[in-house]
Each structure stands twice: as C-alpha cells, then as structure tokens.
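Worksheet: the structure to be examined is printed underneath.
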Amino acid sequence: MLDIRLIREQAEMVRARLRQRGGEAWTLVDEVLSLDEARRLAETEKQSLQSERNRVSKEIGMARKQGGETSGIEAEMRAMGDRVDVLGRESAELDARQEALLLSLPNLPHEGCPVGAGAEENPEVRAWGQPVVLDFVPQDHVALGKELKMLDFEAGVKISGSAFVVYRGAGARLERALINFLLDLHTTQHGYTEIAPPLLVRPEALVGTGQLPKFEDQLYACERDGLYLLPTAEVPVTNLHREEIVDPGDLPICYAAYTPCFRREAGSAGLGTRGLIRMHQFDKVELVKICLPQDSAAELEKLTADAEKVLQLLGLHYRVIELCTGDIGFGASKTYDIEVWAPGQGSYLEVSSCSCFGDYQSRRMKLRYRDAATKKNLFPHTLNGSGTALARLFVALVETHQQADGSIALPTALQPYFGAAEIRVS
RNA sequence: GGAGAGGUGGCUGAGUGGUCGAAAGCAACGCUUUGCUAAAGCGUCGUAGCCCUUAAAGGCUACCGAGGGUUCGAAUCCCUCCCUCUCCGCCA
C-alpha cells in the first residue's frame, strides 16, 4: 500500500512512477486525492462535534448530580448525536472507499528499476556457467520421467485434473531430496530460520502480502471456512509479524520455508504447457526477509545470491535478469528473476523471483519497528524470493544431467540426500 | 459437534452508566543518589486518525476481542459474531 501522505505531497511523482508500469493504475491517483480530501473534511467536522458532545455530556452529568434541570440541553444533544451519526457514516464510507482504492494500487517501481514496456526489455544482469553440451539428442523431462518411472501425469489427471502430477519412486525421492537439500543449505549456510507454516490462510494474510483483493481469481478458496490455499509461502511467513511492532535489534529477520503452492493459473497462457512447467500445485522453498529500510538493497543482493547458490551447487547453468518497470510484479519495487537452462526444453525456466517490496507490504499488514533515534514507529522493508521453485528445478536437473543411456547422474551435493549417485531404470 | 469459563495497555490485574485511555504491580527507558556485580528515589512509558506547524511542541477524536444497539453520555447495559481455555464426543 502506498503512503497516502506521499500521494498527497508528491502526486506528480507518484503518477509518473505508476505510469512506468503501464496499465491504468496511475489514472486513479486523482480519485484517491479527492476521496482523501472529502474524507478529512467529514472527519474533522465529526470530531469537532464529538468534542462538543463530550464536553456537554460531562456538564449534564454534573448538573444532574446537583438536581438541575437538563431536559432542554439533552434534546439538543440528541440532535447533535444524529448529526454525528450521519457524519460518522459518511466518513466511514469515504474511508472504506479510499482504503479499497489504495489496496488496488500497485507499488511504485524503485528509482533504479530499468524502465521498459514488458518482459522483452528486461536486462540480463549476469550469467553463470554455460548451456550443457550433450553429444546426443537430449530428451525432455517428460520422456525421462516416464522411462525412469518418476513422473505420472496420467495419474495426476485422474485424481485431480490437468496440471497436476504424481511423483513416484525415484521421482518422489528426488523431490524430497531436493527439499531437504534446499532447507539445509539455507538454514545452515545462509542463516535463515526454518518455518513450517499452515497451508490454509485467512484473507487478511493475503491482503497483507498483496494477493487480495486484486488477484482473488488466482487463488483456490475454501469458501465454507473463509480460507484460501496458499499460492506461495511468502503469504504465511511474511504475515508471521503482521500487526506487530518488532524490535529493530532483531532485524534482519530471515525465514526459509518449504511448502506446496497452489495456483489456479486462471487465464494463464502457459497452462496447457507439456510437463512440469506450469502446475496448479508445485513445491517451493521460499526465502523471506524483514529488514531496516536502509539495508534492503544489500539484503536483496544477498537473497538473490542465496538462491543462485542452489543452482551452482547443482551444476545448472542460469542467468539473472532484472525486471523492468513494465514487467515487475504488483507489490514489488525491484525484482531479479533467476532463469535456469533446461536443455530438453531448449529454453530458460524461471525458478526464482527475488523481490524487494519496500514498505509496501509492511504498510498493508501494519508491520512496524520502533526507530531507536526518533522513537517513532516506522515500516520495515520486506523481501522474498524462491530458493527455489522445485518443479522447474526438477526439470532443469534431470534434463541437464541426463546421460546417453537415459540415466541421470546426480550432482555431488545432492547424492547424500538422494542416497545414490544416479538414477537409472531398475 | 456438545457443555462451561473467559477475552482490559509489553505482561499481571482493578474497574458494572458520567472528569476512565483506564487504578495498582511488574517489565522497559531516562535522570539522580549511593556504590561493587546491585539497590533506592524521581520521571517517562499504548496505538491510530484529524487539526495546527517548516519542524518540535500542542490541541482534538477514536480504540478496553469484532460489529451493531440502548443512552445526553458505554470498558461498564442489550444483541450478533470471532477467538482462547477446560471437560465430553470424534479423530491422524
């Protein structure tokens, strides 16, 4: 959520930055401002009447004790009470509309965010390694998964529908090995605290991180209970400190969480894609940070490096791109995407998206810290990134390390977790 | 799912219609004093919105689980809901 004071005081700047995103959000700034003005007008009038009523009510109390006659003034106060009610309703209505509008506005892109219209203008920041060179025609993970009896897409369809999969045998074991490898790496090497959160979350949590109210159609809902299946662990984990005032001495707070993620992918272009690339349910290890505003730029670099380390240890070629203003996510102010090379696909796959949200999420979820110098409650910055998404990592891993004989040679780092050096037809 | 108890400031805990944003204690912070691993005294000590202001300071309003209602006036009375705890039932 954007700071209403910032919009008031620097409307032109806010409009300009929102405009860089493309879309129509910037046109709503005027509406926010006029609502804000009307709201404050009603609020001010209501409060001065309340003040008057409080004062007179005390007088009535005292007069009654002394046996005075108060019926005339009480009638006056009754009329004033009605007026307060009307103004109260009016300002509450304006307040709700302003709140709804502010919740629907995306974050401002960071000043340093490259300006561009869409994904094709995202600059590449760096790359690691080279696309693997195979002296045979590579198979894709669907074929490998079938031959090695790791992936059963038909069973996924039978049980749950399209874009669901069943992992089995070595596939299930590989998935589990990857989860443990990732969690161990981030908790023992990178300083994150492991979290195992609930998978069903309340709407307030989704408002806090920005999925609601705007993206409800992307969520699976359990209507009877008013709960949603989480689309990412970012939601429960960032919301751990919702409506709290955290001790600045505890910052940065760094969490790592493994969860499945559930996404309806409504209207999504790639939903029909073959294989594991876009599923309604996929596993992910998520990294979340809460830090002081002045540290967030450095923390984003560290977070991204922590995610990259995964791919390096698994011997997977990748590139890091920075999202331009036209492609950056709703709540993010700066984002790096990590894309891993998948030879069976002949393309790069996004396995991590590392973002700094500035105070956008903390303002939505009323997450604050008390500034030592000014004693004021300020909003910390929040960050998160995949460390990493599992399904696509699985794809890149088996496609990169496939052998001519159809087996898969596991990277050293993964062998203790998998319990073998290779996967082959038994 | 059934029965009961309860939700007050960082914590404990008073407060059943009027100067209560809320006693007291604890914790925390600041100052003073004495000093040896601490004590005593004094002071400060919730959150948010609005007004004023360059800012600081200040003024006002709201908030005692949430939302309604009664009343000139509600932490206090009434209604609905939510949550927590205990017991019973069910259950991985």
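Chain letters run A, B, ... following the sequence lines, proteins first, then strands; residues in each count from 1.
Separation of the P atoms belonging to B:C83 and B:C45 is 37 Å when rounded to the nearest angstrom. Taking atom C1' on both B:C64 and B:G46, the two are 12 Å apart, rounded to the nearest angstrom. Between B:C79 and B:G43, the distance separating the two C1' atoms is 45 Å to the nearest Å. Nucleotides B:A66 and B:A56 place their P atoms 30 Å apart, quoted to the nearest Å. Taking atom C1' in both B:G21 and B:U33, one finds a spacing of 34 Å when rounded to whole Å. B:U19 and B:A38 are spaced 42 Å apart, taking the C1' atom of each and rounding to whole Å. B:G15 sits 28 Å from B:G68 when the P atoms are compared, rounded to a whole Å. Comparing B:C50 with B:A39, their P atoms sit 44 Å apart, to the nearest whole Å.
Remark: RNA chain B takes part in the stems B:1-7 with B:82-88, B:10-12 with B:24-26, B:28-32 with B:40-44, B:46-51 with B:58-63, B:65-69 with B:77-81, each of 3 or more antiparallel Watson-Crick or G-U pairs, criterion distances under 3.5 Å.
Using a 4.0 Å heavy-atom distance criterion, A:Asn377 is classed as a sugar-phosphate-only contact. As judged by a 4.0 angstrom heavy-atom cut-off over every strand, A:Met80 is placed among residues making no nucleic acid contact.
Contact check, A:Arg202 against B:C82: no side-chain N or O comes under 4.0 Å of OP1 or OP2.
For A:Tyr228 and A:Tyr220, the distance between ring centers is not under 6.0 angstrom.
Under a 4.0 Å N-O distance rule, the pair A:Lys302/A:Asp306 does not qualify as a salt bridge.
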For this session: List the steps, then state whether side chain to side chain contact (heavy atoms under 4.5 Å, CB included) holds for A:Tyr255 with A:His241.
Result: CA-CA 12 Å; A:Tyr255 292 131; A:His241 298 284; 2.7 Å; yes
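Regarding A:Leu367, its CG atom lies at a distance of 12 Å from the P atom of B:A48, rounded to whole Å. Between the CZ atom of A:Arg363 and the P atom of B:A48 there is a distance of 12 Å, given to the nearest Å. The CG-C1' distance, from A:Leu378 to B:U47, rounds to 14 Å in whole Å. Protein atom CG of A:Leu227 is 13 Å distant from nucleotide atom P of B:C82, rounded to whole Å.
Stacking of A:Arg19 on the aromatic ring of A:Trp26 is recorded, both the 6.0 Å distance cut-off and the 45° axial limit being met.
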For this session: Report, as a single string ordered 5' to 3', how protein heavy atoms within less than 4.0 Å touch nucleotides 50-72 of chain B: B base, S sugar-phosphate only, - not at all.
Result: BS----S---BBS---------B
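Taking both residues in full, the closest heavy atoms of A:Leu28 and A:Ser104 are given as CD1-OG, 4.3 Å, listed atom of the first, atom of the second, then distance. Nearest heavy-atom pair, A:Lys284 versus A:Ala389, reported as atom, atom and distance to 0.1 Å: CG-CA, 4.0 Å. Across all non-hydrogen atoms, the minimal contact from A:Arg364 to A:Met1 is CG-N, 3.2 Å. Heavy atoms only, all atoms of each residue included: A:Gly171 and A:Phe394 are closest at O-CE1, 3.6 Å.
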When the side chains of residues 200-210 of chain A are checked against the rest of the protein, which donor-acceptor pairs come out under 3.5 Å, sequence neighbours left out?
unit_1	atom_1	unit_2	atom_2	d
A:Thr209	OG1	A:Ala205	O	3.2
A:Thr209	OG1	A:Gln211	OE1	2.6

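Between the side chain of A:Thr382 and the backbone N or O of A:Gln361 there is no donor-acceptor pair closer than 3.5 Å.
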